[in-house]
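Please find one structure pasted underneath; my questions will follow.
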Number of protein chains: 2
Amino acid sequence: MKPTTPAAEDYLKTIYAHTEWQPDPITPRVLATRLGIAPSSVTEMVKKLAADGFIAHVPYGPLTLTPAGRMRATAVVRRHRLIETWLVRELGYTWDEVHDEAEVLEHAISDRLLEAIDAHLGHPTADPHGDPIPAADGSTARVPAVLLADAPPGHAGTVLRVSDRDPTILRSLADAGIGPGSRLAVVDANTVRLPAGELHPLAPDAAGAIWLTR
Amino acid sequence: MKPTTPAAEDYLKTIYAHTEWQPDPITPRVLATRLGIAPSSVTEMVKKLAADGFIAHVPYGPLTLTPAGRMRATAVVRRHRLIETWLVRELGYTWDEVHDEAEVLEHAISDRLLEAIDAHLGHPTADPHGDPIPAADGSTARVPAVLLADAPPGHAGTVLRVSDRDPTILRSLADAGIGPGSRLAVVDANTVRLPAGELHPLAPDAAGAIWLTR
DNA sequence: GCCAATGTTTAGGCGAACCGAAACCCCCTG
DNA sequence: CAGGGGGTTTCGGTTCGCCTAAACATTGGC
Ligand SMILES: [Fe+2]
Ligand SMILES: [Fe+2]
Ligand SMILES: [Fe+2]
Ligand SMILES: [Fe+2]
């Protein structure tokens, strides 16, 4: 369908990301905050994206992706996560350093290069933060997960995913050896128990960035 | 000094490229043609680049880079050529496929990623077309060369560099096994003799794209 | 059931990068 | 040395993506 600009792709990606782990649609206000821009700018772009058939929007209502919009969004997410994986596996980046670089490159690489990277990496299914990498057809493996902050004390599980929004949290977790695949048990909202039995205090907000198996 | 936009970087790069192998400064008209834009657009950007101290320009005169401008230009060229080298060496691209991809990525990668790629490749000094890769300080190895079209019949030399502007020429040369390092002798403007002794007809314009040792 | 807070949209504007048309300058030709 | 033609610049205009300020719609508290 219609081509998309880097700015439009970031809108679609952010709308998609909001429903990736929680199903309620995003509002213009939240979208503006996430993108770091003024609400009026969102209104404007939303008008274009709706006219191009990528989102559905009734005035003063929430924003939902059309099938075409979801396809575009997952394509951008696929690029972002493959690039992050490539930076960590091939070029010595740590998982707290890759997000900003991927944010730019996701709009710059060709389909040809994307598929070359994918093949080079052996078609990975998750990025360094545990986020699933959508397939080229837009399909995404989805695993039931619970946010650590929402898990009851005593809940034990495996780390599925850590949000890459705050590099500080990523660094503190890496220092503790915690990452996707780590086993841990919830003690309270700010403390977890590691497999060795030791208690580990979490950085502020870290509980809101870690997803565990149910 | 001042930051540069992708568009400005392409102006600087193109001004630099014009003098890389021939020393006469470029004119606005030629620059507009090379960039595929209208002359009036060049006037406008030239004003900004001159105000920012990257080029020297007297009205109705040619365009020359200041030291700061040359530094920026070589930095972009370095990115471009390292990316081309990486695409060929690591990701299975052929030398006729890399230019357009590099044209975009040269404006998108961070310094961090640039240096990681450089290290990953072992600090190469030439790209797949034989173009020298400027060092991080802007210095460039320069080898005396002669354009095949300008070489007298009978001149024998090694291919130093092939312009990547026309992918068709690159493909036809690759089919004939000709690339940087190949030995050949000039028969006439459209024919060369290969080491095995056989005559090889050149594609139209290929003689204007191949540089030989003196 | 009214009204103010909150969220959304409209209106007007800005900088970047481009365009075509028209004015202008330079210099070569006759 | 007077034109005239080709290159250059100026001028007004466009699109994109953002902004602020002000108008406006929705909704929930009283
Ligand atoms: Fe990321
Ligand atoms: Fe992005
Ligand atoms: Fe190139
Ligand atoms: Fe470029």
Side-chain angles (χ1 to χ4, degrees), chain A residues 1-15 18-19 22 24-65 69 72-73 76 100 103-104 106-108, chain B residues 1-15 18-19 22 24-65 69 72-73 76 100 103-104 106-108:
Chain A
M1 203 179 293
K2 295 276 164 55
T4 35
T5 61
E9 288 173 3
D10 280 339
Y11 280 78
L12 294 175
K13 187 182 62 158
T14 306
I15 296 169
H18 188 263
T19 53
Q22 307 250 339
D24 52 308
I26 197 170
T27 63
R29 178 107 219 311
V30 174
L31 179 54
T33 306
R34 283 267 192 287
L35 291 172
I37 62 180
S40 57
S41 304
V42 169
T43 302
E44 206 173 309
M45 180 66 87
V46 157
K47 228 178 297 181
K48 275 181 258 185
L49 291 172
D52 290 351
F54 293 120
I55 64 177
H57 180 233
V58 294
Y60 296 95
L63 307 168
T64 54
L65 293 173
R72 268 324 145 84
V76 178
D100 292 350
E103 196 58 46
V104 177
E106 68 190 5
H107 309 292
Chain B
M1 203 179 291
K2 295 273 162 59
T4 36
T5 62
E9 289 174 2
D10 280 339
Y11 280 77
L12 295 175
K13 188 182 62 158
T14 306
I15 296 169
H18 189 262
T19 53
Q22 306 252 337
D24 52 311
I26 198 170
T27 63
R29 180 109 220 311
V30 174
L31 179 54
T33 305
R34 282 267 192 285
L35 291 172
I37 62 179
S40 56
S41 305
V42 169
T43 302
E44 206 173 305
M45 180 65 87
V46 157
K47 229 179 295 181
K48 274 180 259 181
L49 291 172
D52 290 350
F54 293 122
I55 65 176
H57 180 232
V58 294
Y60 297 95
L63 307 168
T64 54
L65 294 173
R72 268 327 144 84
V76 178
D100 292 350
E103 196 58 46
V104 177
E106 68 189 6
H107 309 292

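Just so we're on the same page: letters track the sequence lines, and every chain starts at 1.
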Review point. Which one, C/dT10, D/dC19, C/dA17, comes nearest to the side chain of A/S41?
Key: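 Within the option list, the nearest is D/dC19.
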Exercise for review: Send over the distance from A/I37 CD1 to C/dT9 P, rounded to a whole Å.
Suggested key: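 In whole Å, C/dT9 P and A/I37 CD1 are 13 Å from each other.
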Practice item. Quickly work out the A/D52 CG to D/dC16 C1' distance and round it to whole Å. Key: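 So the two atoms are 13 Å apart, to the nearest Å.
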Practice item. Select base, sugar-phosphate, or nothing to describe what A/P39 touches, counting heavy atoms under 4.0 Å on all strands. Key: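 The residue A/P39 makes base contact.
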Review point. At what distance, to the nearest 0.5 angstrom, does CD1 of A/I55 lie from CZ of A/R72?
Key: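 Going from the CD1 atom of A/I55 to the CZ atom of A/R72 covers 13.5 Å.
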Practice item. Measure the distance from CG on B/D10 to C1' on C/dC18 and round it to the nearest whole Å. Key: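 So the two atoms are 14 Å apart, to the nearest Å.
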Exercise for review: Report which part of the nucleic acid B/A38 touches: base, sugar-phosphate, or nothing (heavy-atom distance under 4.0 Å, all strands).
Suggested key: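 If one applies the 4.0 Å heavy-atom cut-off, B/A38 turns out to touch the sugar-phosphate alone, with no base involved.
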**Study point:** Interatomic distance, B/I15 atom CD1 to B/L31 atom CG [nearest 0.5 angstrom]
**Key:**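 Output value for this atom pair is 5.5 Å.
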Check your understanding: Between D/dC19, D/dG17, D/dC11, which nucleotide has the shortest distance from any of its atoms to the side chain of A/K48?
Key ->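 Closest of the options to the side chain of A/K48: D/dG17.
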Review point. Is the shortest side-chain N/O distance from B/T5 to OP1 or OP2 of C/dA17 below 4.0 Å?
Key: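 Yes.
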**Study point:** A/R34 and A/T14: side chain donor to acceptor below 3.5 Å
**Key:**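 The answer is no; no qualifying pair exists.
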Review point. Are B/K47 and D/dT9 close enough that a side-chain N or O sits under 4.0 Å from OP1 or OP2?
Key: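 B/K47 to D/dT9 OP1/OP2: no side-chain N or O under 4.0 Å.
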**Study point:** Atom-to-atom span, CD of A/E44 to P of D/dA21 - whole angstrom
**Key:**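 In whole Å, D/dA21 P and A/E44 CD are 17 Å from each other.
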Point to revise | Of the listed nucleotides C/dA21, C/dT9, D/dT8, the one nearest the side chain of B/S40 | key: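 Taking heavy atoms from C-beta onward, the closest nucleotide is C/dA21.
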**Study point:** B/L49 backbone acceptor or donor facing B/H57 side chain under 3.5 Å
**Key:**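 No, B/H57 side chain to B/L49 backbone: no donor-acceptor pair under 3.5 Å.
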Check your understanding: What's the closest nucleotide to the A/R29 side chain, out of C/dG7, D/dA21, D/dT10?
Key ->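 Selected nucleotide (nearest to the side chain): C/dG7.
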Check your understanding: Can you tell me how far the CE atom of B/M45 sits from the CG atom of B/D52, to the nearest 0.5 Å?
Key ->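 Atom-to-atom, B/M45:CE and B/D52:CG are 10.0 Å apart.
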Point to revise | Distance test, side-chain N/O of A/Y11 to OP1/OP2 of D/dC18, below 4.0 Å | key: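 Yes, within the criterion.
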Check your understanding: Can you check the A/E9 CD to D/dG17 P distance for me, whole Å?
Key ->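 Taking CD of A/E9 and P of D/dG17, I get 10 Å after rounding.
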Check nucleotides 22-29 of chain C for protein N or O atoms closer than 3.5 Å to its own N or O atoms and list the pairs.
| residue | atom | partner | partner atom | Å |
| --- | --- | --- | --- | --- |
| C/dC25 | O4' | B/Y60 | OH | 3.3 |

Review point. Which atoms form the tightest heavy-atom contact between A/L12 and A/A73, and what is the distance?
Key: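 Minimum heavy-atom contact is O-CB, 3.6 Å.
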Exercise for review: Kindly say whether A/A108 contributes a backbone atom to a donor-acceptor pair with the side chain of B/H107 at under 3.5 angstrom?
Suggested key: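 Between the backbone of A/A108 and the side chain of B/H107 there is no qualifying donor-acceptor contact (under 3.5 Å).
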**Study point:** B/I26 CD1 - D/dG7 C1' separation (whole Å)
**Key:**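 After rounding, the reported distance stands at 14 Å.
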**Study point:** Euclidean distance, atom CE of residue B/M45 to atom P of D/dT8 [Å, nearest integer]
**Key:**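 So the CE-P distance, B/M45 to D/dT8, works out to 17 Å.
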**Study point:** Nearest non-hydrogen partners of B/L35 and B/D10, listed with the distance
**Key:**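 Closest pair (atom of B/L35, atom of B/D10, distance): CD2-O, 3.9 Å.
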Exercise for review: Kindly indicate whether the side chain of B/T27 and the base of D/dT8 share any N or O donor-acceptor pair separated by less than 3.5 Å?
Suggested key: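 Side chain to base: no pair present.
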Point to revise | B/L35 CG to C/dA16 C1', straight-line distance once rounded to whole Å | key: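 The answer, rounded to whole Å, is 16 Å.
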